[in-house]
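Each residue takes its place number in the sequence, starting with 1. All values below were derived from every heavy atom in this structure, side-chain atoms included, with hydrogens, water molecules and symmetry-related copies excluded. Atoms within a ligand are numbered from 1 in the order they appear, just like the ligands themselves.
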Amino acid sequence: MHPLGDLRRTHTCGALRLADVGQPAVLLGWIHRVRDMGAIIFLDVRDRYGVTQVVVRDNEALVAEAKKLRTEMVVGVLGTADKRSADTVNPKLDTGDVEIVAAEVRLLNDAKRPPFSIADEGPVTEEARLRYRYLDLRRPGMQQHLILRHKVAMAIRQAFDQEGFVEVETPILTKSTPEGARDYLVPSRVHDGQFFALPQSPQLFKQLLMIAGMDRYFQIARCFRDEDLRADRQPEFTQVDVEISFATPDVVFGLIEPVIKACFALIGVDVPLPLPRMPYAEAMGKYGSDKPDLRFGMEIQELTPAVASTTFPPFREALDAKGVVRGLVVPGAASYSRTDLEKLCDEAVQFGGLVTYARRQADGNLQSPLKKGVGEEALAEALTLSGTTAADALLLAAGPADKVAKLLGQLRLHLGKKLSLIDQSKWAFTWVVDFPLFEWDEAEQRYFSVNHPFTAPHEADIHKLDADPGGVRSQGYDIVLNGTEIGGGSIRIHDQALQAKIFRMLGMTDEEAKQRFGFFLDALEFGTPPHGGIALGLDRLVALLCGETSIREVIAFPKTAAAFDIMAGAPSPVDEKQLRELHIRLRNPGGHH
Ligand code: ASP
């Protein structure tokens, strides 16, 4: 006989309400909790939809059977919905007004004792959660994450569909497309010694789809990057990948913003449109970051004019080398003890630089370790220039502009957290635009693309490409939320000659470019529409919507920080025969180095 027999679910475990009282009900689910009161046993039965209380009483045989039940066993419960007595109503449960009086509890499957509790969402090691992910995913909180992720994907698909976008699948087995990371490679059995690469993104394919006349493309696409894993990266992740023909940044923003709005509507947050925009130079200048956290102020202050004529050696040297002196105003820090203020300055060392302070004491005296070196007058001007009030203190740093920006940018975030300056209820979006096209790499002595090599230079800067490549802005943009980059893209190069030139500027010979991107350079010559696009990081977006800091919380089966699947045990060794078919011989069988 089928294990379910004649049992058919009448209600989910989240469905019953007062209106159902008196109705017969069959629930199918897991034992969430058991409370044995002797002659009466309460069972909480759980499925994805909720938890319902079942009461077993007035039936000795049934009570005896129920005493054998343990958490996580799979059961079918037949009974009648009843009103709970006033003292047992549970306002925290949707079903909290009712219970089922059991006529039968059928054991559908036994369960081993789980390594951690499903019912209590208390702390469990991540190792255990990942090893027994199917149990971790049984926990109601994790189920909510997966459900919200699904809803986000649905909202995205619907929003794009309405605007005439077509979802097109692009290959997983492909040729290496560069996004600046290492490729995952797949050896070919058929072609001895040759490899596919897993896509780091569908970048070239989506551009080819524009050449193919698809006009508006999107895809919820899996991407693969073999990076040394930093804190919250995954070797495979999901992008909402978009490409649009005849696009300007305005066209792209105008189509993406409503998608973002639709996602946030799912958690009841209204995102006012259009989203603000900020040039990269302003983001670096004011916030020392290309992904500024705009939930709080504390902008970086330019102090150079105040100390322009100083002879104080550290400042003088910085200024003579075309550097800057900049600072941060720490609100309320006038009342800190000297030791506390000095400690605050010491904390900046972890961000790669030295910081000192200046403040006005209650008696009007100026206090600063720089009082002698820089002089009272210049410091007083710095306080005025930066708007440091009698309640605050000013932190100062000197050096090359980009280094000082990064130092103060990180210090700003550190202080924002430490001093609780960040408004946690805010959703602060901004586009960051006008990125530089290239950045110079000292070690390799060549330019790299800040975005990727297909990003178009800013129209107004094209004439500078030869004379001042470092000064050329791109038509790249990022979308930033609460200090996190949630997406990025650009208007692309659609002109073959310009694309070939950019490859050369990146240090590629025409031969190398042809070998790697020949198919794409060829395609560009067959009538390429001007186009542009973007990719949003779906994992990050969903994590933010769930209020989680780690993307592992919103990926069903993630890998560890060491790029390992501890549940399945992957990667793993393979048979000698498989390797032979792939024309591969291991240098270190068994993996010893
Ligand atoms: N392919 C880019 C990325 O993965 C996004 C884009 O330019 O559309 O970051």
Checklist entry - Can the ring centroids of F503 and F520 be said to lie less than 6.0 angstrom from one another? => result no
Item to check | Y447 and E439 side chains, donor-acceptor separation under 3.5 Å | outcome: no
Next on the checklist: Using a 4.0 Å cut-off to any heavy atom of G489, which atoms of ligand 1 qualify?
Outcome noted: 6 (C), 7 (O)
Next on the checklist: Between E485 and K291 (salt bridge meaning N to carboxylate O under 4.0 Å), is one present in this structure?
Outcome noted: no
Checklist outcome for this item: For Q239, the ligand 1 atoms with a heavy-atom partner under 4.0 Å come out as 3 (C), 4 (O)
Item to check | Part of R225 with heavy atoms under 4.0 Å of ligand 1, whether side chain, backbone, both or neither | outcome: side chain
Checklist entry - Among Q203, R492, Q219, whose side chain to side chain donor-acceptor pair (under 3.5 Å) with E243 holds? => result R492
Item to check | From CA spacing to verdict: side-chain contact (heavy atoms from CB on, under 4.5 Å), K501, D466 | outcome: CA-CA 10 Å; K501 179 183 170 80; D466 292 310; 2.7 Å; yes
Checklist entry - Which of the numbered atoms in ligand 1 are below 4.0 angstrom from a heavy atom of K206? => result 6 (C), 8 (O)
Next on the checklist: Over 60° means perpendicular and under 30° means parallel, so tell me whether Y134 and Y132 are parallel, tilted or perpendicular.
Outcome noted: perpendicular
Next on the checklist: Below 4.0 Å, non-hydrogen atoms only: which portion of Q200 touches ligand 1? Side chain, backbone, both or neither.
Outcome noted: neither
Next on the checklist: Set out, in order, the CA-CA distance, both residues' side-chain angles and the distance that settles side-chain contact (heavy atoms from CB on, under 4.5 Å) for R277 and D250, then state yes or no.
Outcome noted: CA-CA 11 Å; R277 302 175 192 185; D250 283 320; 2.7 Å; yes
Next on the checklist: Tell me whether K206 contacts the main-chain N or O of I534 through its side chain, where contact means a donor paired with an acceptor under 3.5 Å.
Outcome noted: yes
Checklist entry - Which atoms of ligand 1 sit under 4.0 Å from any heavy atom of I534? => result 8 (O)
Item to check | Structural part of H452 in contact with ligand 1, heavy atom criterion under 4.0 angstrom | outcome: side chain
Next on the checklist: Below 4.0 Å from ligand 1: does a non-hydrogen atom of R492 turn up there or not?
Outcome noted: yes
Item to check | Atoms of ligand 1, numbered as shown, that sit under 4.0 Å from any heavy atom of G488 | outcome: 5 (C), 6 (C), 8 (O)
Checklist entry - Polar-atom distance check: N451 versus ligand 1, any N or O pair below 3.5 Å? => result no
Checklist entry - At a non-hydrogen distance cut-off of under 4.0 Å, which region of E485 contacts ligand 1 (side chain, backbone, both, or neither)? => result neither
Item to check | Region of S201 engaging ligand 1 - heavy atom pairs below 4.0 Å | outcome: side chain
